[in-house]
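Everything numeric here is computed off the predicted structure, so don't read it as measured data. Order of the sequence lines sets the chain letters (A, B, ...), proteins ahead of strands, with each chain counted from 1.
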Protein chains: 2
Amino acid sequence: MGQDRSDGRIAAPNPIADDGDEYRFCSTCAFGAVCVGRGVDKIALHDLHCLVEHVGPYRAGEAIFRTGDAFTAIYAVRSGTVKTRLVDLEGRELVLGFHLPGELIGLNAIHPEAYPCDAVALDTVEVCRFSFPALATLATRIPEIQQELFRRLSKDIGDNALLAGDYSADERLAAFLVTLGQRYADRGFPVNALHLAMSRGDMANYLRLAAETVSRVLRRFQDHGLIRVDGREVAIVKPAELYALARPILQR
Amino acid sequence: MGQDRSDGRIAAPNPIADDGDEYRFCSTCAFGAVCVGRGVDKIALHDLHCLVEHVGPYRAGEAIFRTGDAFTAIYAVRSGTVKTRLVDLEGRELVLGFHLPGELIGLNAIHPEAYPCDAVALDTVEVCRFSFPALATLATRIPEIQQELFRRLSKDIGDNALLAGDYSADERLAAFLVTLGQRYADRGFPVNALHLAMSRGDMANYLRLAAETVSRVLRRFQDHGLIRVDGREVAIVKPAELYALARPILQR
DNA sequence: CGCGCGGCTTGATCGACGTCAAGGCGGCGC
DNA sequence: GCGCCGCCTTGACGTCGATCAAGCCGCGCG
């Protein structure tokens, strides 16, 4: 993974949900399973094609949407990594999540009818924009799409509950690395080599730890031979043991 | 609130979403806004009537559903209070939430297609059961119902994120009391007098604190004149100051 | 009545992690 | 090259809340 660039550095892997021909359209993307993998007919596929709008690229730091913006659409990440966060009155940041290609953002805006958080590109990001009114209308015609929306909304509820427990720093970090690895693997990347698109500070904030604690725990994991860390590149050396650490969080 | 009972004690207030006549059916209930408040016609109302199934009463401690049960239905609490929780491999409990009349439970089961948690009655509980396949089918016919489901799913995502931050014990407890008060008030109960259906231990578990800490913070709040505590009855004396404490959590 | 038990409260101690501080490393602009 | 600036790391110290322990209260039961 990674490829030479003109400046001689190795490009960080930048996962992308590639469009192929029409029948492989966004096959790795949020609705791929609905459009292609689950036997939706050509008409539904065509309808989604008409609905979707490619937006981007955004550069690192740019916002896809901001807190308070009127809710009009949900987005599927196409390439790159997106951070969702809210900023409180005192300017402190609270990271809600990181979103890889194929994942949806903006689902939490349906209820308040305004985005309740910022979505910020961590690297170069492209997204697919789905007008929500149009998507909802389509969902009334195509039950598979309605079902997929229900499923993804439901999944987000459960995922959020995971980190909410009072777990130790070791458990949190282990669970974070394991789930990130799984999500990359689901997208066809090597299971046990992952690139962190976010800074230590962002990780720490998301995990409700201090950046210093993240640093220390990663080092300890490495000293114990569980992982190998090189800046933002992490190799998982002993997946089973890391998973065992994360078990209190990941087991359901 | 509260009424005499034969044993001479005062009954704890037990909120109920009362059925009235057909047009006030579950007016305080989850779908009230859809069925009645938002101009859904009689046919839709009738359809929901046909769909819903009243279940209960459950006695304190009984389960409405259990972890791993096949997902077939979502439930709206009709009366009483429900606790959702998961129990990990070592038998430790993790409280996910408390659900008052009019609130839905089971939404987080759509994705895994099995309930990922237990739902346990804290007092005498009645629920409305909605077969999910039937509800989803109805939603394709009646966009208002689909929309309401989307909204409620979306709301649960946001709500879960609230407690996830690393807040102090004071902030957590203040936010808990304020939101509980709001939810009771939304159901027509006095704004600043609330009855806690759950034990200190359950509160503590939900807030990711120790029971002792909950006890201490409540006492300190009372010593500072913010609230008055009498067992599980809590009077909010200074709502504004309590809200100010909770602001870091509640402001968006 | 006495007893036991579960829930609640209060106090004393401990430890994990946050905070503060200093220094290293790499990238970028001048 | 040099210097600056973010990000990261490492160490020393402080603190909030968990844990341990004891006792209280209300209630059901023999």
Side-chain angles (χ1 to χ4, degrees), chain A residues 5-12 59-61 83 90 92-95 122-123 163 165-174 176 195-223 227-234 245 248, chain B residues 5 7-12 59-61 83 90 92-95 122-123 163 165-176 195-223 227-234 245 248:
Chain A
R5 293 193 307 195
S6 54
D7 61 4
R9 292 182 55 241
I10 302 299
R59 308 297 294 178
K83 166 178 82 172
E90 289 83 25
R92 292 174 308 193
E93 186 176 6
L94 179 66
V95 174
L122 288 179
D123 44 26
L163 272 215
D166 59 338
Y167 302 106
S168 71
D170 286 20
E171 290 168 331
R172 284 171 193 276
L173 224 9
F176 179 72
H195 170 78
L196 306 174
M198 71 294 296
S199 70
R200 296 287 192 273
D202 281 340
M203 284 176 57
N205 190 316
Y206 173 65
L207 298 171
R208 282 53 167 151
L209 299 170
E212 293 92 329
T213 302
V214 169
S215 221
R216 280 186 258 262
V217 173
L218 286 179
R219 161 146 278 277
R220 189 151 32 78
F221 281 179
Q222 176 165 266
D223 290 347
I227 61 177
R228 279 216 340 113
V229 183
D230 177 18
R232 295 191 176 185
E233 307 298 326
V234 175
L245 273 179
Chain B
R5 292 194 308 196
D7 61 2
R9 292 182 55 242
I10 302 298
R59 308 297 295 178
K83 165 178 82 172
E90 288 83 25
R92 291 174 309 193
E93 186 176 7
L94 179 65
V95 174
L122 288 180
D123 43 27
L163 273 213
D166 60 338
Y167 301 106
S168 70
D170 286 20
E171 290 168 331
R172 283 172 193 275
L173 224 9
F176 180 71
H195 170 80
L196 305 175
M198 72 293 296
S199 70
R200 296 285 192 276
D202 281 339
M203 284 176 56
N205 190 315
Y206 173 65
L207 297 171
R208 282 55 166 148
L209 299 170
E212 295 92 328
T213 302
V214 169
S215 220
R216 279 185 257 264
V217 174
L218 286 179
R219 160 145 280 279
R220 189 151 32 78
F221 281 179
Q222 176 165 267
D223 290 347
I227 61 177
R228 279 214 342 114
V229 183
D230 176 20
R232 295 191 176 185
E233 306 299 325
V234 175
L245 272 178

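- In the set D:dT10, C:dC17, C:dT9, D:dT10 carries the atom at the smallest distance from any side-chain atom of A:Arg219.
- Atom pair B:Leu218:CG and C:dG7:P shows a separation of 17 Å (rounding to whole Å applied).
- Between B:Thr213 and D:dG17, a side-chain N or O to OP1/OP2 separation shorter than 4.0 Å is absent.
- When each of B:Gly201 and A:Tyr167 is assigned the nucleotide of DNA chain C with its nearest heavy atom, B:Gly201 is the one assigned upstream, toward the 5' end.
- Summarising the geometry of B:Arg172 relative to B:Leu207, their closest heavy-atom pair is CD-O, 3.2 Å, with the distance given to 0.1 Å.
- Comparing C:dT9, C:dG18, D:dT19 against the side chain of A:Leu209 picks out C:dG18 as the nearest.
- In this structure, CG of B:Asp123 is placed 15 Å from P of C:dG7, rounded to the nearest angstrom.
- Put simply, CZ on A:Arg216 is 14 Å from P on C:dC20, counting in whole angstrom units.
- When each of A:Ser215 and B:Ser168 is assigned the nucleotide of DNA chain D with its nearest heavy atom, A:Ser215 is the one assigned upstream, toward the 5' end.
- Checking C:dT10, C:dT19, C:dG7 against every side-chain atom of A:Ala210, the shortest atom distance belongs to C:dT19.
- One can place CG of B:Asp230 at 13 Å from P of C:dC8, the figure rounded to the nearest angstrom.
- When distances are taken from the side chain of B:Ser199 to each of C:dC17, C:dT9, C:dC8, the shortest belongs to C:dC8.
- Phosphate contact (OP1/OP2 of D:dA18, side-chain N/O of B:Arg208, threshold under 4.0 Å): absent.
- In this structure, CZ of A:Arg220 is placed 14 Å from C1' of D:dT10, rounded to the nearest angstrom.
- Side chain of B:Arg208 to backbone of B:Tyr206: a donor-acceptor contact under 3.5 angstrom is found.
- Between B:Leu218 and B:Leu173, the shortest heavy-atom distance links the atoms CD2-CG, 4.3 Å.
- Across the protein-nucleic acid pair, B:Leu207 atom CG and D:dG17 atom P stand 12 Å apart, rounded to whole Å.
- The backbone N or O of A:Glu212 lies less than 3.5 Å from no partner atom in the side chain of A:Arg200, so there is not a single donor-acceptor pair.
- As a whole-Å value, the separation of A:Glu212 CD from D:dA12 C1' is 12 Å.
- Between B:Leu196 atom CG and C:dG7 atom P there is a gap of 15 Å when expressed in whole angstrom units.
- At least one donor-acceptor pair closer than 3.5 Å links the side chain of A:Glu171 to the backbone N or O of A:Ser168.
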